[in-house]
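I have placed the structure first, in the form of structure tokens, so that the comments after it can refer back to it.
Positions are given from 1, in the same order as the sequence printed here. These values consider heavy atoms only, across backbone and side chains, with no hydrogens, waters or symmetry-generated copies.
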Amino acid sequence: MTAHRLPRLAGLLLALTLLAFLGLHTGDAFAADGGVGDFLRVNMAPVMFAALVVFLLLGYPVAFALAANGLLFALIGIDLGLFQENFLQALPERIYGTMNNDVLLAIPFFTFMGLILERSGMAEDLLDTIGQLFGPVRGGLAYAVIFVGALLAATTGVVAASVISMGLISLPIMLRYGYDRRLASGVIAASGTLAQIIPPSLVLIVLADQLGRSVGDMYEGAFIPGLVLSAMYALYVFIITVIAPSRAPGLPPEAQTLRDADGKTRRISLLVVALLSWALAYAYMKLFTSVKAGADFVVLTMSLMVGISFVIALVNKFLKLNLLSRMTEQVVFVMVPPLALIFLVLGTIFIGVATPTEGGAMGAAGAILLAYGKKRMTFDLLRQATESTAKLSAFVLFILVGARVFSLTFYGVNGHVWVEHLLVSLPGGQVGFLIVTNVLVFFLAFFLDFFELAFIVVPLLGPAADKLGIDLIWFGVILGVNMQTSFMHPPFGFALFFLRSVAPKNAYKDRVTGKMMEPVTTGQIYWGAVPFVVIQCIMVALVVLFPSMVMHYKASAIQLDQKAIDKQFESIQIPGLGGAGGLPGGFDLNAPPSIGAPPKP
């Protein structure tokens, strides 16, 4: 018997034992005082949760482990009188409600957009151009990877696409010019995971759905923490370049190819274009529009700034004015497509023009047009992206259906009451709850990916957080930053696996220098990830300590004046009902109800 079948066989034997125990008992053990039945009646919820953990540790697929666990304990609960069998009649409606959820439609749209962009050549152009821009600075290639990782996160929202693209393109270049292997692999893996917290992240969609909050609010709340986390990665690289400059050297002059005819780069012209575009966009918004502040103002100003920069670069190129350097032109032309796509998706969501689902649909259409414009759009590419999107969507839906089955039984045996009481009664109130839940999610992330955490753990934590008065958007962003670590945890982090799949495993000959290069070992990838996991944990603490990083989303919400609403209701006159507050027949709307009392003669 092969070794990999042993866990499955053990799990099957466990399930059969439980079923046999249920089917063959005569009632004595369950009825006896102090017997198994009494124990299960008192501890059904924790036993059910522990059984789920056992099934998952045995290696069963999450969706089927959830559904089987839910149905098995439903039968046990019916036999013990803890679970009403008519609850199972609600199961088809719950499953249909999952398939009818418009919010979850955003997942296939954003996935499809990310897969198309991954193959459109946008990542290659960005990494090459931004690498040239930052290249001469110590750590310049690492800064470029972080910057491009944030841009890819804001356009694709898919971790695998970002890590694999940057691993294939940037890692060989960083190794060629003497970057430390641990630093290079850690920067690439961590920058790829920014797609988890920078909108349009898939995990934020799922978190918003599970917590019963708006996806747009979750996106707006997570935007600043995502940018701060990117800045913290860059700060770490800066500290490394100060302490150990040899670990992240700058590009040599011969590697800087974006030069003018006289050999100069003239980066100052890029700064001039940026400042001029910003000034014109800001002046236009202040003088000619009614939008003066808030997220709408920022999004529209940035969009105008990008458009003005593009027009300046086009005029300079086609009229041959030679006012801009070659590097400035290249940076503008490379940056405009992803920034335009970001506005098309996030901008329309933030200013309220589109829902996240509609924004995802526009992003998917925009990605197809972008790939077509780069002459990368083929039927084979479309087929591959569609197949991968269908697989991921089916994966998510199956887990969600299994979670619905599990939660139906778990709620039916009052498991949510047990969890809520357990968490609400923790010492320290909100602070104690946030510490315990974040430590719990951090350690569970060693074994579960973010979809499993979102569908299994978050529905149990959300009601307790709400009861403690914690804003659920803030709580969701905290969990989103924490769940990033599930991609970076050695030895099970998926981002590390993605990077391992494209990093050189054997010694190879560099195609530019002709030198033999040492391979990147798995240990170097794991050790390179550790500092960035620590940074992610620090970011969790910062979001907890400074809620204003997230709570700014409320500033764009519509504020209702309850007193004005009450006054409007009081002034409403009901025509044909005997005047203000009066009804025919002497009835008085303001009189207290008298249910069951005989009518007055």
Side-chain angles (χ1 to χ4, degrees), residues 7-101 210 212 397-424 448 452-464 467:
R8 302 288 177 89
L9 180 61
L12 181 61
L13 289 175
L14 174 64
L16 290 175
T17 302
L18 287 171
L19 286 171
F21 182 66
L22 171 66
L24 297 178
H25 82 279
T26 59
D28 296 339
F30 284 91
D33 292 336
V36 178
D38 283 347
F39 176 79
L40 285 177
R41 287 188 184 94
V42 176
N43 301 288
M44 175 66 97
V47 169
M48 185 178 177
F49 195 78
L52 175 63
V53 173
V54 171
F55 274 114
L56 294 177
L57 291 178
L58 289 174
Y60 279 92
V62 176
F64 301 117
L66 283 165
N69 202 54
L71 292 175
L72 178 63
F73 279 91
L75 295 175
I76 295 175
I78 291 170
D79 195 79
L80 294 174
L82 293 174
F83 185 77
Q84 299 296 322
E85 57 187 25
N86 55 6
F87 277 16
L88 293 177
Q89 296 176 3
L91 193 55
E93 184 63 29
R94 287 171 67 87
I95 294 175
Y96 179 74
T98 298
M99 294 186 290
N100 202 33
N101 190 337
Q210 294 298 302
L397 190 62
F398 264 96
I399 291 182
L400 191 50
V401 168
R404 291 291 191 189
V405 178
F406 176 82
S407 64
L408 178 68
T409 304
F410 196 70
Y411 279 60
V413 298
N414 291 323
H416 61 296
V417 177
W418 168 68
V419 173
E420 188 175 299
H421 181 266
L422 187 69
L423 295 174
V424 170
L448 304 175
E452 294 158 0
L453 287 169
F455 288 138
I456 299 172
V457 179
V458 173
L460 302 177
L461 301 178
K467 191 169 184 178

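To the nearest 0.5 Å, atoms CD1 (I95) and CG (N100) are separated by 13.5 Å. Interatomic distance, I78 CD1 to E85 CD, rounded to the nearest 0.5 Å: 5.5 Å. Interatomic distance, I399 CD1 to I456 CD1, rounded to the nearest 0.5 Å: 7.5 Å. Here L408 contributes atom CG and F406 contributes atom CZ; the two are 11.0 Å apart, rounded to the nearest 0.5 Å. N414 contributes atom CG, which lies 11.0 Å from atom CD of E420 (distance to the nearest 0.5 angstrom). The line from NE2 of H421 to NZ of K467 is 8.5 Å long, rounded to the nearest 0.5 Å.
Between F410 and F49, the ring planes are tilted. Angles from 30° to 60° get that label.
Nearest heavy-atom pair across L88 and A74 is CD2-CB, 4.3 Å. Summarising the geometry of L423 relative to L460, their closest heavy-atom pair is CD1-O, 4.3 Å, with the distance given to 0.1 Å. Between P459 and A454, the shortest heavy-atom contact is CD-O, 3.2 Å. Minimum heavy-atom separation, N69 to M48: ND2-O, 3.1 Å. Minimum interatomic distance between G70 and T409 (heavy atoms only, all atoms of both residues): O-OG1, 2.8 Å. The two residues A45 and G415 make their nearest non-hydrogen contact at CB-CA, 3.5 Å.
Among residue pairs with one or both ends in residues 42-58, none qualify as salt bridge (charged side-chain N to carboxylate O under 4.0 Å, His left out); sequence neighbours excluded.
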Exercise. Does the side-chain contact (heavy atoms from CB on, under 4.5 Å) test come out yes or no for I76 and M44, once each step is laid out?
Worked result: CA-CA 9 Å; I76 295 175; M44 175 66 97; 3.8 Å; yes
For this session: Could you please spell out the steps behind the side-chain contact (heavy atoms from CB on, under 4.5 Å) verdict for L91 and V405?
Result: CA-CA 7 Å; L91 193 55; V405 178; 3.8 Å; yes
Problem set entry | Trace of the side-chain contact (heavy atoms from CB on, under 4.5 Å) decision for W418 with V413 | CA-CA 9 Å; W418 168 68; V413 298; over 6 Å; no
Exercise. Q210 and V457: side-chain contact (heavy atoms from CB on, under 4.5 Å), yes or no, with the steps?
Worked result: CA-CA 10 Å; Q210 294 298 302; V457 179; over 6 Å; no
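A search for ring-ring contact (aromatic ring centres under 6.0 Å, His included) contacts involving F398 returns nothing, not counting sequence neighbours.
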